[in-house]
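Keep in mind that this is a model prediction, so the values were computed, not measured. Quick note: residue numbers are just sequence positions, from 1.
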Amino acid sequence: MMRKLFYSYFILIFLTGIFSLSAQTYQATRLVERNSVEHGSMCTDDIWESYTDYKREIVHYSSLQADVIDSVEVLSKRIQTGYPNNWVPYQTYDFHPSVTLLNEGRIVNFNITSTLGWFPNSIVEVYDSMNHLVMVHRDYVHDNIHTGIRKTLSYLPDGNIDNTSSFIYGWDTEPDQYLKTVPNYDNQGRRLYEIQYTSPDSITWTPVTKTIFTYTGETYPEGLVFHTYHPLFCFSSFNNWGSVFYNDVPGLQTPYVIDSLVVQHYSDGQWADSLYTDYQVNHSTGNGYGFQTREINLTIPLPIDAQYKRMNFYFHENGYYNGESYSIDDGLAPPWDQSISYAWEEITPNHEQIAIPQSEIRIACYPNPFQINLNIVLSSKGNQPTEISIYNIRGQLVRSWHQVKGKELTWDGFDKNKKHSPTGIYFIKAQQGKSETVRKFVKM
């Protein structure tokens, strides 16, 4: 499924523009460059020939928000017979960002264009007031067929992810479905296991897989930083590996070192083991860790050495990492190795941002989430009539009220066609003259 996501086009029509509140910086550092190297072999006329591919991705940021990507410039170089040994422009991604500042966070909307094909067109991110990513939506389109995935995340007080849920739709090989992952922690905050559920309607949930974790007993150095999400991570330099290789080692996203995990599948009312993954941790230098990873499919036995791979990562004084990944000669193809490195910089006052005027209108809604009626409360400095609109997560207009003169109104959950609106995330936009504001809410 995830491999298919990487190779599909997508587009998303959503709320655009810049709304209320003053400009602000949401994180202390920003990614400025990613470099990738791949050493491999290719077969031509039954002859294997080695090559080395280099990619350099340079990130440029918006003047509106210092941590919002404006464009990515990609250069490439190949070392192989018949190729010039020099850097050439490969492609450019223009993100066309717009930022919507909410009362309790922000929405970042990217409408992406590229100089080459096979690129994502749009990403929508929703952040809370703590700059936690609480929703990311990618909508793909190919031959006018929309497919996509929407993921929402919940957090524990210590900042670790409590659970995630997703809605996957439009794939020709699978029906539309909701996915939800719910973890279980011990009293030390270690994830003991997590269960993934699926649902056709987000009401009746069926367990699908369970992942059970074991630990070595050690923790990673304090200050080691892994970004679980970054817009650039949607673009992989080589073979879908890109910057997300560390997702193969779940412990790299927590302070606790994972020793092994077992994946079980739920069938006929019981759990059955299906996959075993063993991580052998090898300390290299003071700032490095290495993993030899063995994956065994317990339902289709394979030679134990057929799925070995190794991963190393090294982190700098600021905590951010570089990584390497290797394969072995499994008898089917020659081995390969890849490496990736990141350059981060601290966001300073020198990274100027354009100030956004303080809004003269505020909006509140309760209860949030709601099931039957949503109460909407307006407050503003002026007495002008207000235009109020409700949009769904795809940016489609659901309901609107014109020339509202009061300070309160109630939405009964019906759309403009007098049909029940489905459960999900919605946005209220209130406009009074030139002043606008947006607020997110959830319908259960």
Side-chain angles (χ1 to χ4, degrees), residues 1-8 38 40-41 43 149 151 163-164 166 168 171-175 177-184 190-199 205-216 228 236 238-254 256-282 289-313 323-338:
M1 169 63 71
M2 294 309 296
R3 182 174 296 274
K4 186 174 181 181
L5 290 177
F6 276 105
Y7 288 110
S8 300
E38 178 183 301
S41 302
C43 185
I149 180 169
K151 178 180 288 188
N163 63 76
T164 62
S166 303
I168 302 174
W171 299 99
D172 54 4
T173 57
E174 298 179 10
Q177 60 179 318
Y178 292 85
L179 299 176
K180 177 173 63 176
T181 302
V182 180
N184 177 275
R190 295 179 303 186
R191 186 173 299 192
L192 297 178
Y193 65 86
E194 61 186 23
I195 301 177
Q196 186 177 76
Y197 299 83
T198 184
S199 171
W205 293 94
T206 302
V208 178
T209 61
K210 176 192 282 187
T211 304
I212 304 171
F213 303 94
T214 57
Y215 296 86
T216 65
T228 57
S236 296
F238 302 108
N239 296 339
N240 287 343
W241 179 73
S243 54
V244 293
F245 82 98
Y246 61 87
N247 285 326
D248 292 337
V249 186
L252 295 188
Q253 298 182 42
T254 73
Y256 306 101
V257 180
I258 295 291
D259 175 55
S260 63
L261 61 83
V262 174
V263 177
Q264 299 178 334
H265 279 82
Y266 190 77
S267 178
D268 297 327
Q270 61 184 358
W271 293 102
D273 293 349
S274 61
L275 181 69
Y276 171 77
T277 304
D278 173 53
Y279 302 106
Q280 299 179 14
V281 182
N282 303 310
Y289 280 85
F291 291 86
Q292 183 166 290
T293 306
R294 180 180 61 171
E295 295 179 354
I296 301 176
N297 190 322
L298 300 176
T299 58
I300 307 176
L302 295 171
I304 291 179
D305 62 352
Q307 298 188 47
Y308 263 111
K309 59 183 175 182
R310 291 182 294 160
M311 291 181 287
N312 299 321
F313 70 92
E324 301 171 324
S325 182
Y326 307 84
S327 77
I328 66 169
D329 190 343
D330 59 5
L332 302 176
W336 53 262
D337 64 88
Q338 301 169 322

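A search for side-chain hydrogen bond (donor to acceptor under 3.5 Å, both in side chains) contacts involving S199 returns D201, not counting sequence neighbours. In this view, S274 and H265 satisfy the side-chain hydrogen bond (donor to acceptor under 3.5 Å, both in side chains) rule, not counting sequence neighbours. For Q264, the side-chain hydrogen bond (donor to acceptor under 3.5 Å, both in side chains) partners are D273, not counting sequence neighbours. Partners of S267 according to the side-chain contact (heavy atoms from CB on, under 4.5 Å) rule, which considers only residues two or more places apart in sequence or in another chain, do not exist here. For Y266, the ring-ring contact (aromatic ring centres under 6.0 Å, His included) test picks out W271, with sequence neighbours left out. Residues that satisfy the side-chain hydrogen bond (donor to acceptor under 3.5 Å, both in side chains) test with T198, not counting sequence neighbours, are Q177.
Taking CZ of F213 as the reference point, atom CD of E194 lies at 4.0 Å (rounded to 0.5 Å). Distance check: L261 CG to T277 OG1 gives 4.5 Å after rounding to the nearest 0.5 Å. With values rounded to the nearest 0.5 angstrom, I168 atom CD1 is found 9.0 Å from K151 atom NZ.
Looking only at side-chain heavy atoms (C-beta outward), N184 and L192 come within less than 4.5 Å of each other. In this structure, the side chains of Y276 and V263 stay at 4.5 Å or more apart for every pair of heavy atoms. Looking only at side-chain heavy atoms (C-beta outward), Y178 and Y197 stay at 4.5 Å or farther from each other.
Taking every heavy atom of both residues into account, I258 and V281 meet most closely at O-CG2, 4.3 Å.
Screening residues 206-215 for side chain to side chain donor-acceptor pair (under 3.5 Å), with sequence neighbours left out, gives T214-S260.
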